[in-house]
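Here is the naming used below: chain letters follow the sequence lines, and residue numbers restart at 1 for every chain.
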Protein chains: 2
Amino acid sequence: MSKELSTEEKIREAAKHVFIAKGFDGCTSREIAKAAGMNVALVNYYFCSKKQLFKLIFETAMEDFMLSTVEVFRKDLSLESKMRIFIEREFEFLTMHPDIPRFILSELSRGDKCEFDHAGILDKIASTGVFEELLEAQEKGIIRKIDLTNLMLMIMSNCHYPFMAKPLMKYLNSLSEEEYQERLTLQKQYVTEMLIGYLFIPKTNS
Amino acid sequence: MSKELSTEEKIREAAKHVFIAKGFDGCTSREIAKAAGMNVALVNYYFCSKKQLFKLIFETAMEDFMLSTVEVFRKDLSLESKMRIFIEREFEFLTMHPDIPRFILSELSRGDKCEFDHAGILDKIASTGVFEELLEAQEKGIIRKIDLTNLMLMIMSNCHYPFMAKPLMKYLNSLSEEEYQERLTLQKQYVTEMLIGYLFIPKTNS
DNA sequence: ATCATTTTTAAACAACCGTTTAAATTCTTT
DNA sequence: AAAGAATTTAAACGGTTGTTTAAAAATGAT
């Protein structure tokens, strides 16, 4: 157990936890301070304001969210393998951070609070060479010629939504936590099969 | 122009708009009253409390969200046609109410505020005969034998998420409103093709 | 040990929250 | 027109919000 966290780090960790669970509007500075075991004033002493602390948490969450899994595309594997591993890792990441998609999309839709730097993120994704590889595969007729924005949206839909819809699914279908987790594991297999099956054009031996 | 809305209805309409846009925690009673052109006290005069008004809005939004499109399954069409029409209608509904999925999932994940009656909703869905029809089609080998919970999740993922991710997509890909709407139209076609293609087992003429 | 600096605390600040009250206004019924 | 009920209003309520302040405690340097 490494408990040697500085006060600043303790507050940041508590803020991450509370903000992601309840959102900017859904929590108070005092709640964050209490979660960190600190006095309220320390939050502003280290981070100036609730809004600024939120901005910090949001931006790091955003980076984790977008960059945690694209590294696969640097590897020397077939495109299909990379896609499969990518989805696998995406589900792994989301299993550990199931609340991040809802957090990001909710806070982003509320606007104003976070005019974050998206250019850097997109650049980092691009630096893995995913986009070139996909475009090249489209030219070669290996995968469907779909706009990459739409392709990205398809993958994200099938990976993020199952985690975002947890309370809805558990409620509507009266699932226990275990049952929900079972469906999640199945869902990973289904969406992988579906996405790969749709994206990759079957080889015709004409 | 039918402007003859009662005070109660004006408040309900304003509350629907404000709650869905900003969430329970993101708005105030005074904001709702102002949006309705009313005094704050009237909100509680007609709806007792902010929480109770929210409950009302949430439950009706939930019903619209879940029940607006399942009626197709009462019609006398092939299962594939029904599925295609269902997805089409789902996108239609979401085009008119693009904020509802995020609203529902966000508020539902915050818990406590809304212990709504899900039994009624599921019953109404079941009354269309979707579930029997799908199970029957699975027995006949027309569609894949996937748990219906997972099937539901797949469809919802691909319909809801593209609307929820609007700010993310516009931001990451620097899309104008028109460009985003274009992608959305394309997305509808892609996901329809993908879902139908995955779900329905091709007929083998053995 | 003394002093200056940094860190932490309790208390206070004005502003705003959801809600209530009691008076003013409008509408309905006679 | 008068009386009673329903609607609307402004003002106030206790409590909480984010933030600031000024004093206390802890730390480091000499």
Side-chain angles (χ1 to χ4, degrees), chain A residues 2-61 103 106-107 110-116, chain B residues 2-61 103 106-107 110-116:
Chain A
S2 63
K3 275 247 173 183
E4 298 114 36
L5 286 173
S6 71
T7 300
E8 193 177 339
E9 289 167 332
K10 278 187 203 167
I11 296 173
R12 209 203 324 268
E13 285 305 305
K16 192 203 288 185
H17 189 262
V18 176
F19 273 142
I20 291 179
K22 304 204 185 189
F24 181 84
D25 294 324
C27 71
T28 68
S29 299
R30 284 171 174 81
E31 190 177 355
I32 293 171
K34 182 170 281 186
M38 303 289 162
N39 188 288
V40 209
L42 282 177
V43 174
N44 284 359
Y45 177 75
Y46 282 106
F47 300 97
C48 297
S49 70
K50 184 192 178 188
K51 196 176 255 179
Q52 190 157 320
L53 175 54
F54 175 81
K55 207 167 177 173
L56 192 79
I57 301 301
F58 179 83
E59 277 169 6
T60 61
F103 172 68
S106 283
E107 300 296 338
R110 221 75 49 99
D112 68 300
K113 275 162 235 139
C114 37
E115 313 88 10
F116 71 103
Chain B
S2 63
K3 276 248 173 181
E4 300 114 37
L5 285 174
S6 70
T7 300
E8 193 177 337
E9 288 167 332
K10 278 186 203 167
I11 295 173
R12 207 202 326 267
E13 284 305 305
K16 191 203 289 185
H17 188 262
V18 176
F19 272 141
I20 290 179
K22 305 204 184 189
F24 181 83
D25 293 325
C27 71
T28 68
S29 298
R30 285 172 174 80
E31 190 177 355
I32 292 171
K34 183 170 280 186
M38 303 290 162
N39 188 288
V40 209
L42 282 178
V43 174
N44 284 358
Y45 177 74
Y46 282 105
F47 299 97
C48 296
S49 71
K50 185 191 178 189
K51 196 176 254 180
Q52 189 157 320
L53 174 55
F54 175 81
K55 208 167 178 173
L56 192 80
I57 301 300
F58 179 83
E59 278 169 5
T60 62
F103 172 68
S106 283
E107 300 296 339
R110 219 75 49 101
D112 69 298
K113 276 162 233 137
C114 36
E115 313 88 9
F116 71 101

Heavy-atom closest contact (B/Asp25 atom, B/Arg110 atom, distance): OD2-NH1, 3.6 Å
Closest contact, heavy atoms only, B/Ser29 versus B/Val43: O-CG2, 4.2 Å
Lys/Arg cation over aromatic A/Phe24: A/Lys51, 6.0 Å, 45° cone: no
Between [N] atom [atom2] and [X] atom [atom1], what is the distance in whole Å?
| X | N | atom1 | atom2 | value |
| --- | --- | --- | --- | --- |
| A/Met38 | C/dT9 | CE | P | 7 Å |
| A/Leu53 | D/dT17 | CG | P | 16 Å |
| B/Leu42 | C/dA24 | CG | P | 17 Å |
| B/Asp25 | D/dT16 | CG | P | 16 Å |
| B/Glu8 | D/dA6 | CD | C1' | 13 Å |
| A/Phe54 | D/dG18 | CZ | P | 13 Å |
| A/Ile32 | D/dG18 | CD1 | P | 8 Å |
| A/Tyr46 | C/dT6 | OH | C1' | 8 Å |

Interatomic distance, [X] atom [atom1] to [Y] atom [atom2] [nearest 0.5 angstrom]:
| X | Y | atom1 | atom2 | answer |
| --- | --- | --- | --- | --- |
| B/Ile57 | B/Phe103 | CD1 | CZ | 7.5 Å |
| B/Ile11 | B/Leu5 | CD1 | CG | 11.5 Å |
| B/Leu42 | B/Ile32 | CG | CD1 | 13.0 Å |

Side chains of B/Glu107 and B/Phe54 in contact at under 4.5 Å (non-hydrogen atoms): yes
Within-4.5 Å side-chain heavy-atom neighbours: B/Phe19 and B/Leu53: yes
Table of protein N/O atoms under 3.5 Å from nucleotides 22-25 of chain D N/O atoms:
none

Partners meeting salt bridge (Lys or Arg N to Asp or Glu O under 4.0 Å) with A/Glu13 (sequence neighbours left out): A/Lys16
Between the protein and nucleotides 25-27 of chain C, list the N/O to N/O atom pairs that are separated by less than 3.5 angstrom.
none

Per-nucleotide protein contact string for nucleotides 14-20 of chain C, where B marks a base within reach and S marks sugar-phosphate only (heavy atoms under 4.0 Å, - for neither): ---BBBB
Pairing residues for B/Glu31 by the side-chain hydrogen bond (donor to acceptor under 3.5 Å, both in side chains) criterion, not counting sequence neighbours: B/Lys22
Side chain to side chain contact (heavy atoms under 4.5 Å, CB included) against A/Glu8, all qualifying residues, sequence neighbours excluded: A/Ser6, A/Arg12, A/Tyr46, A/Phe47
